[in-house]
Amino acid sequence: MLLKRLKTKTISLLAFNVLLAVWLGVFLNFAFYEKMQTLTPYTGIKAGLFLAASVAVVTALYFFIFQILNWKWTAKPVAIVLVFIGGFASYAVSSLGVWITSDQIQNLMQTDIAEAKDTWSWHLVEWTLGMTILPIIAILMVKIKSEPIVKQILTKLIASVVSLVMIGGLLFVFYVDFAAIFRENRDLKGMISPQNMIASFVSYYKKKAPKENLPLVIYGEDAQVIQTAKGLPKLIVLVVGETARAENFSLNGYAKNTNPKLSKQDILNFSQVSSCGTATAVSVPCMFSGMKREDYDERLASHREGLLDIAKRAGYQVTWIDNNSGCKGTCDRVELYKIPEPIQKKWCKDGECLDDILIDSLKAYITTIPKEDTRPRLVVLHQMGSHGPAYYKRIPPEYRVFKPTCDTNAIQGCTQQALVNSYDNTLLYTDYVLDSLIETLKNTTQYQTGLWYLSDHGESTGERGMYLHGAPYAIAPSQQTHVPMVMWFSQAWQQQAAKQMSCLAQQSKNKLSQDNLFPTMLSLLDIKTKVINAKDDMLQTCANP
């Protein structure tokens, strides 16, 4: 009946624009208005008036824009595109607490099918039906009246003036409040749908989209290994963690025992480490680039040599072994290890693999090294780790220790206790993986061996209504930026570099960051180059206090 009534319903272009502006400005932005309510200093009636003014400003702004974009022949296509984009943007903001930024668009562009599937849920289906498909059907069914062009222009002029007067008047009345809120929360516009998605796409293509045929910038051309003492060649494994946050490591004082195995190893644990970004697409290239977080240039990093290139130039055999969605360009010029098919069959199902695959792959890799090959080696293992939202898929059944658990990717429907338990179980599994890698390296006696674990970024699990990661760094909660970092070195390595070990141990509670990876790793590998920033080199801290 409703569809029949819509099919025969004829409305003016003005009425169409009003309804579209109300849908986009009001119904798709409840989360934004809830956030504004928490930021206003008012209470009672004054708070209600400020909230009403916020709704009116956003709706009137969309209405004004439609006076320019929407004509009888363009109104429906424009409306369908905006409702489609706005519906999905609103889902991310309202259901997951994710603010849409150019970094999130970069994540979207670099994701794979397996990662995308993990975000599908019945809640998303219901949302898509109610907030996207049904409104689009209504747009298609309704008829827009034909009106003389002169009348249309006159109506648009009057509507534009009314919109601007409303916007200007409300901004004038509440100017101090709006200015204060947006000055302190510049990324708040990332919650307003659908402009957040459109503006972020534009920003991504202007600033972050990879450009083709850019020349490779050589970096650290003078790199060479300086032999400080005779001994076995070095083999260090760098484990790039995924979505692990430091505050849930029992090594850092967390109440649940998420590190039962690592706590028994002779490790160095660094408890105050911050990430370069809040998403893999930012943090991974950044930590390998040699640029400090505040100076990081994504476009330059995409076509400049980094840590792995420099180690390779200095004489290291550099190998990347991946169990995630790729290296984000950092391993393009080094060896990519092809995981043997039997190992894949053992640990992979439906296109995803458990991190046990990294343990077996490292063992297989080491066994293939010829006895006469004495080259030093740097091996990077890229974990699946705690990648959300389907935390329950990241672990074998025996690691579901903390219960009850959230066994769905619609995590916003789980209790916080169940969600955190599922997340903590992934960290318990990571503890096992790292312990197994250390045991493997202990048995690799033809090298001085070492392991360095560093997560790319953290994760929100419902704190302050935020889930997953990718929040703008300036406002990101500590759960997304405070990451775990652990080192382990064999007895042979410790004996050869006792002063280095002592120096690192002294910094276990220092404020550190992913900026320290590039220079410190090169120094650990005995590689000297002018591009090492001594201030960020952890091994130089003790030599030059």
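In this chain, numbering begins with 1 at the start of the sequence shown.
One finds the CG atom of Leu354 at 8.0 Å from the SG atom of Cys348 (value rounded to the nearest 0.5 Å). Rounding to the nearest 0.5 Å places CH2 of Trp347 at 9.5 Å from CD1 of Ile357. Separation of atoms SG (Cys414) and CG (Asn421) is listed at 10.5 Å; rounding is to 0.5 Å.
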Original post:
Should Glu247 and Arg245 be marked as a salt bridge (charged side-chain N to carboxylate O under 4.0 Å, His left out) after you check the CA-CA gap, both sets of side-chain angles, and the distance that decides it?
Top reply: CA-CA 6 Å; Glu247 70 177 45; Arg245 69 189 200 194; 3.6 Å; yes
**OP:** Walk me through it: do Arg293 and Ser274 pass the test side chain to side chain donor-acceptor pair (under 3.5 Å)?
**Re:** CA-CA 10 Å; Arg293 186 186 71 79; Ser274 59; over 6 Å; no
Subject >> side chain to side chain donor-acceptor pair (under 3.5 Å) between Asp456 and Thr280, intermediate numbers included >> reply: CA-CA 6 Å; Asp456 58 354; Thr280 305; 2.7 Å; yes
Original post:
What's the verdict on side chain to side chain donor-acceptor pair (under 3.5 Å) for Thr430 and Gln383, showing C-alpha distance, side-chain angles and the deciding distance?
Top reply: CA-CA 9 Å; Thr430 288; Gln383 259 193 300; 3.1 Å; yes
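A tilted orientation is assigned to the rings of His469 and His457, their planes being inclined by 30° to 60°. A perpendicular orientation is assigned to the rings of Trp320 and His382, their planes being inclined by more than 60° (bins at 30° and 60°).
Side-chain atoms of Glu147 and Ser12 form no donor-acceptor pair, as typed in the model, at a separation below 3.5 Å. Residues Glu459 and Tyr391 bring a donor and an acceptor atom of their side chains to less than 3.5 Å of each other. Ser90 and Ser193 share no side-chain donor-acceptor pair at under 3.5 Å.
A pairwise comparison of heavy atoms in Ser513 and Asn516 identifies N-OD1, 2.8 Å as the closest pair.
Of the possible polar contacts, one joining the Gln416 side chain to the Thr461 backbone as a donor-acceptor pair under 3.5 Å is found. With hydrogens and angles disregarded, no donor-acceptor distance shorter than 3.5 Å links the side chain of Gln152 to the backbone of Trp71. A side-chain donor-acceptor contact under 3.5 Å links Lys312 to the backbone of Arg333.
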Please output the side-chain donor-acceptor pairs of residues 158-165 that fall under 3.5 Å, not counting sequence neighbours, one pair per line with the distance.
unit_1, atom_1, unit_2, atom_2, d
Ser160, OG, Lys156, O, 2.7
Ser163, OG, Ala159, O, 2.8

Please report, to 0.1 Å, the donor-acceptor pairs under 3.5 Å made by any side chain of residues 471-481, with sequence neighbours excluded.
unit_1, atom_1, unit_2, atom_2, d
Tyr473, OH, Ser275, O, 2.7
Gln480, OE1, Gly470, N, 3.1
Gln480, OE1, Ala471, N, 3.1
Gln480, NE2, Ser460, OG, 2.9

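Phe174 pairs by the ring pair (Phe, Tyr, Trp, His ring centres under 6.0 Å) definition with Phe50, not counting sequence neighbours. Qualifying side chain to side chain contact (heavy atoms under 4.5 Å, CB included) partners for Ala52, counting only residues two or more places apart in sequence or in other chains: none. Listed by chain and number, the residues in a ring pair (Phe, Tyr, Trp, His ring centres under 6.0 Å) with Phe88 are Phe84 (sequence neighbours excluded). With sequence neighbours left out, the salt bridge (Lys or Arg N to Asp or Glu O under 4.0 Å) criterion links Glu126 to no other residue.
For the pairing with Ile321, the side chain to side chain contact (heavy atoms under 4.5 Å, CB included) check across Ile339, Leu336, Val239 returns one residue only, Ile339. Each of Asn323, Thr426, Asn324 was evaluated against Glu242; a single residue qualifies, Asn324, per the side-chain hydrogen bond (donor to acceptor under 3.5 Å, both in side chains) test. A side chain to side chain contact (heavy atoms under 4.5 Å, CB included) with Ile144 is found for exactly one of Ile139, Leu13, Leu14, Asn70, namely Leu13.
Environment of CD1 in Ile149: crowded, with over 12 heavy atoms of neighbouring residues, nucleotides or ligands closer than 6.0 Å.
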